[in-house]
Each structure stands twice: as structure tokens, then as C-alpha cells.
Protein chains: 2
Amino acid sequence: MPKLDPSLLSPLPPFSRLPRDQISQILDHATAKRFDAGVAIFDEGDAADRFFLLLDGYVRVVRLTPAGEQVIALHIPSGQLFGIAKALQRTTYPATAMTAVESVVLCWPSRLWDGFVTNYDGFATETYKTVGDRLGEMHNRIAEMATLHVEQRIANALLRLINQTGRKTEHGIEIDFPITRQDISEMTGTTLHTVSRLLSAWQKDGIVESRRKHIVVKDPHRLVILTDS
Amino acid sequence: MPKLDPSLLSPLPPFSRLPRDQISQILDHATAKRFDAGVAIFDEGDAADRFFLLLDGYVRVVRLTPAGEQVIALHIPSGQLFGIAKALQRTTYPATAMTAVESVVLCWPSRLWDGFVTNYDGFATETYKTVGDRLGEMHNRIAEMATLHVEQRIANALLRLINQTGRKTEHGIEIDFPITRQDISEMTGTTLHTVSRLLSAWQKDGIVESRRKHIVVKDPHRLVILTDS
DNA sequence: AATTTTGTTTGTGCAAGATCAAAGAACGGG
DNA sequence: CCCGTTCTTTGATCTTGCACAAACAAAATT
């Protein structure tokens with residue numbers, strides 16, 4: 001195992017106030033792992049014996065319904081912790097984490113969690129903040145699904161994606177990881193057919209441009225307008 | 001202000017392992033308040049300067065959409081903490097809390113939160129557990145809204161309600177606080193018209209029985225069946 | 001280069017449920 | 001007891017978006 005460099009963690013909020021030697025300690029307990037795109041890092045129901053930090057890539061938190069349909073609950077951008085079931089006193093993961101692209105994660109055994117919380121200043125604070133943010137996001141999504149129409153939900157989903165992962169190009173803002181219409185349908189609770197139709201229509205109107213697994217938003221403002229009408 | 005009795009808190013998980021004198025201390029900082037049915041205890045966006053324990057009654061966590069529609073996100077049964085924005089590092093409440101019936105709450109200033117967490121054993125653990133449970137519940141609701149039909153969602157909502165607040169009667173299990181079809185529609189993301197039609201049909205089939213603001217589930221098992229079909 | 005797999009587009013018919021409209025029933029306060 | 005308010009029911013109509021189906025296109029595999 002190559003020695004990991006403290007500079008990996010020092011820019012990240014939960015560790016940002018820690019001295020170099022403490023970060024080195026933390027890294028000594030971590031193992032780095034690489035995952036191919038589209039594989040499960042852990043599955044719903046597994047014993048939650050590890051927690052993770054996404055160093056690079058992109059991870060989706062996914063849930064399978066009894067009928068076997070997937071629902072995408074959350075997107076984890078790199079730099080965030082995930083799988084922190086221990087923080088909420090869970091013994092088992094409540095959902096599956098899948099890589100959207102090739103990804104690199106650090107992982108620690110869950111039994112170290114309590115030590116992290118007590119020993120490292122700001123760690124608990126920052127992680128509970130992200131829990132709070134996620135809870136708020138889910139709040140939003142429930143309200144959205146309850147009141148908005150498919151078109152508005154898809155517009156919202158695209159806006160959220162370009163805010164999180166948008167990369168500016170000459171033609172507009174591009175979602176910088178591969179995403180299929182199926183994925184978008186799983187985020188918005190509709191079918192891939194409907195998503196496809198809608199994106200086609202928007203492309204005709206010059207709002208977006210898409211190739212296979214690839215979406216560029218040319219006119220975000222028009223999407224915002226679709227959001228509340 | 002009449003002296004509050006420690007026996008109020010001692011059966012509740014966050015305080016259950018604490019000695020009597022510590023509970024007395026905690027109560028010395030609390031103020032009890034009574035609220036009429038249907039009023040807001042705090043509003044979305046208010047500064048989160050207090051946290052609450054529901055002693056008696058029933059509270060709904062509600063969110064207003066930009067278009068002015070209400071969405072009911074959560075139900076708080078008595079005995080639970082709520083408005084604990086501080087635990088997730090929020091300075092402002094992310095939703096509105098409304099009483100469903102006349103209710104009694106204890107409230108503490110948020111600045112005491114950190115002291116509670118560090119001084120009282122098990123307090124942090126138990127409260128983060130309920131946060132985890134709520135997050136899990138919201139997870140479920142998102143998946144539900146994304147994949148299930150109105151009929152199934154309403155069946156689920158009723159089942160959840162009778163599990164939380166069911167009171168057994170000779171005719172079946174009764175939801176023991178007043179609930180309108182409008183309420184149910186706000187929990188399930190549909191219209192009160194659809195809820196009304198569906199309840200009427202179920203009443204005809206002998207699954208439920210309802211009067212104004214009042215629902216008795218006569219045959220929970222048939223509801224479970226509706227859930228996955 | 002041929003073949004399979006995976007992702008996308010598009011058309012058509014249909015059904016679930018939203019919307020509009022109106023009236024009836026239960027309750028609460030004067 | 002009456003009246004206004006709130007809650008519920010029911011019918012008629014209309015829209016949305018789902019199901020099914022078939023074809024196409026791009027990538028991956030051989």
C-alpha cells in the first residue's frame with residue numbers, strides 16, 4: 001500500500017482544521033480503493049462495518065423497490081463522506097451506493113467512527129452538517145414529487161446536476177459524467193420514454209443538446225422558467 | 001410556572017439512563033407550552049433558537065411549495081424531539097411544525113444543545129438515531145412517490161398512520177386524531193378528490209369506515225394487499 | 001467486419017388521475 | 001335553532017404520461 005499524502009484530506013471541511021500529523025494518523029487507518037464504473041460499493045442491508053470518503057469520481061445512492069425498480073435518492077460529489085450509517089446509529093446500510101464512473105474512495109472501519117468524533121475537532125460538526133444538507137435535499141425532493149409535473153421535475157433535476165457537476169464549455173454547461181435517460185427517469189420518478197421525448201423537444205427548442213450518455217444545457221435560464229410555470 | 005416532574009422525561013429514550021437529579025436539572029431549563037390544534041409552533045425559515053419535545057398531542061412537519069401548496073413531510077408522535085436544527089448545524093428551521101391537535105411541548109434554548117450532548121449520556125446517541133430513522137422514512141417516501149400509484153401510496157399512508165397512532169376499537173383500528181382527506185392528499189401528493197373517491201370505494205368494500213375527520217381501518221390486511229399489486 | 005449489447009427515438013392507444021363544478025352533510029358559534 | 005364554515009361526495013370532462021411496440025444508432029465484443 002503506497003503511503004497516502006496528507007494533502008488529500010487537508011482541503012476537505014471535516015479535516016481542514018487539523019494539524020498535519022493528525023491527518024497522517026487518520027490516513028494510516030484508511031485504505032484506498034478503486035472501483036470501476038457502475039459497481040456497488042456496498043449494498044442495502046449489508047452490515048455497516050465501514051465508512052467512506054469519495055476522493056475522486058461520482059457515486060449514486062440508490063434504492064431498490066420491492067417491485068425491483070431502482071430509485072436514485074442522492075448523488076455524492078467527490079470530497080464527501082458517505083456510508084456513515086454509524087453516525088446515525090445504524091448497523092446496516094439503508095441503501096446501495098453505486099459508482100457512476102470509475103471512482104476512488106478511502107475507507108475506514110466503522111469502529112473508528114467514535115474516535116474520530118471525539119478526537120478530531122470539527123469532524124462531527126461538519127459531518128452532521130452534510131447529513132442536515134442531505135435531509136433538506138430529500139425534503140425538497142418529496143415536496144417536488146408531490147406537487148410538480150414531470151417536465152418541471154426533470155428541469156429541476158438537470159439544474160441540480162449542472163450546479164453540482166457542471167463544466168462550462170463553449171456550447172453551454174455540460175454534465176461531466178455519463179448519464180442516461182434511464183438515470184434521469186430514476187431520479188425523477190418517470191419513465192425513460194418520457195425523458196427521451198422531453199429532451200428531444202428541448203433539443204428542438206435549443207435548450208439542451210445531447211448525445212448518448214451526454215447532456216449539455218445550452219440555456220439554463222429557459223430551464224429555470226420551465227421550473228415554475 | 002409549576003415545577004415539572006422528572007417522571008415526565010424518565011421513560012423517554014434520550015433521558016432514560018439519567019439519574020433523577022440530572023433530569024431535574026434538565027427540566028429546570030425547560031418551559032412547557034400548550035398549543036391549540038392547527039397552529040404553527042415554528043415556521044420554515046425562522047431562526048432555530050429553540051428545540052422541542054412533544055409531551056402530548058401530535059405535530060406535523062409541513063413544507064410550503066413556491067406555488068403555495070402544502071406538503072406534509074413527517075408526523076411527530078408524542079415523546080419525540082423535534083425542531084432540533086442545531087443538531088444538524090442549521091441556524092434556521094427547514095420546515096414548519098404545526099399541531100394536528102391540541103398539544104403540549106417542552107422547549108429549551110438551542111444554546112443548551114451542546115451541553116446536553118456532552119453532559120448527558122446517551123442523549124446524542126438516541127437523538128441521532130431518530131434523525132437516522134426519519135432520514136430512512138424520507139428515503140422510503142421518495143421511493144414510494146417515484147414508483148407507486150396513488151392507490152398504493154394512500155394505502156401505505158394509512159398503514160403508517162395506524163402503526164404510529166392506531167387505537168384498537170371493536171370495529172377495527174382507529175386513527176386517534178382528526179385527519180381530513182385534504183391531509184391525506186398532502187401526505188401522498190394527490191388531490192383530496194381522489195382520496196375521497198378511494199375511501200368511499202374502500203368503505204363500500206368494507207376495508208375502512210370513515211366519518212368526518214375520522215378513519216377506522218377495519219381490515220388492515222386488505223390494505224397491505226393493495227400495497228403491492 | 002460481423003454480431004451482440006446497450007442506449008435512444010418515436011408512434012399509438014389507453015387509463016389514471018387532475019380539474020372543474022356543484023351540491024350535500026356535519027359541525028360550531030351566536 | 002339558524003347560519004356560515006368546513007369537510008365530503010359525486011359527476012363530467014380533459015390532460016398527462018404510461019404501456020407496448022418497433023426500429024434505429026452507437027458502442028463493445030468476437
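Every chain is numbered from 1, with letters handed out A, B, ... down the list of sequences.
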Provide the full list of salt bridge (charged side-chain N to carboxylate O under 4.0 Å, His left out) pairs with a residue in residues 75-102 of chain B, sequence neighbours left out, each pair given once.
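Checked against salt bridge (charged side-chain N to carboxylate O under 4.0 Å, His left out) - neighbours excluded - the pairs reaching residues 75-102 of chain B are A:Asp133-B:Arg90, B:Arg34-B:Glu102, B:Lys86-B:Asp114.
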
Verdict with reasoning, B:Phe42 to B:Phe52, per ring-ring contact (aromatic ring centres under 6.0 Å, His included):
CA-CA 10 Å; B:Phe42 54 78; B:Phe52 304 84; 5.5 Å; yes

So if I define the base as every atom that isn't primed, P, OP1 or OP2, how would nucleotides 23-30 of chain D read as a B/S/- string at a heavy-atom cutoff under 4.0 Å?
--BBS---

Treating primed atoms plus P, OP1 and OP2 as sugar-phosphate and everything else as base, which nucleotides of nucleotides 12-22 of chain D get B, S or - for protein heavy atoms under 4.0 Å?
B----SSBBB-

Using atom [atom1] of [X] as one end and atom [atom2] of [N] as the other, report the distance to the nearest whole Å.
X: B:Glu69; N: C:dA18; atom1: CD; atom2: P; answer: 11 Å
X: A:Ile179; N: C:dT8; atom1: CD1; atom2: P; answer: 10 Å
X: A:Ile215; N: C:dT8; atom1: CD1; atom2: C1'; answer: 12 Å
X: B:Gln203; N: D:dT8; atom1: CD; atom2: C1'; answer: 12 Å
X: A:Leu192; N: C:dT6; atom1: CG; atom2: C1'; answer: 12 Å
X: A:Arg181; N: C:dT6; atom1: CZ; atom2: P; answer: 18 Å
X: A:Trp202; N: C:dT8; atom1: CH2; atom2: P; answer: 15 Å
X: B:Ile154; N: C:dA16; atom1: CD1; atom2: P; answer: 14 Å

Can you find a side-chain donor-acceptor pair between [X] and [Y] that sits under 3.5 Å?
X: B:Asp49; Y: B:Ser110; result: no
X: B:Thr194; Y: B:Thr191; result: yes
X: A:Thr99; Y: A:Arg60; result: no
X: A:Asn156; Y: A:Thr227; result: yes

B:Lys213 with B:Asp183: basic N within carboxylate O range, under 4.0 Å
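Judged by the 4.0 Å cut-off on N to carboxylate O distance, B:Lys213 and B:Asp183 do not form a salt bridge.
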
Is the shortest distance from a Lys or Arg side-chain nitrogen in B:Glu144 or B:Arg153 to a carboxylate oxygen in the other one below 4.0 Å?
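No.
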
Under 4.0 angstrom, heavy atoms only, what part of the nucleic acid is A:Ser200 near: base, sugar-phosphate, or nothing?
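Since only primed, P, OP1 and OP2 atoms lie under 4.0 Å of A:Ser200, the category is sugar-phosphate.
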
Under 4.0 Å between any heavy atoms, over every strand shown, what does A:Leu199 touch: base, sugar-phosphate, or nothing? Just pick one.
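Counting heavy atoms under 4.0 Å across all strands, no contact is made by A:Leu199.
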
Could you check if a side-chain atom of A:Met98 sits within less than 4.5 angstrom of a side-chain atom of A:Gln70, using non-hydrogen atoms only?
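A:Met98 vs A:Gln70: side chains touch.
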
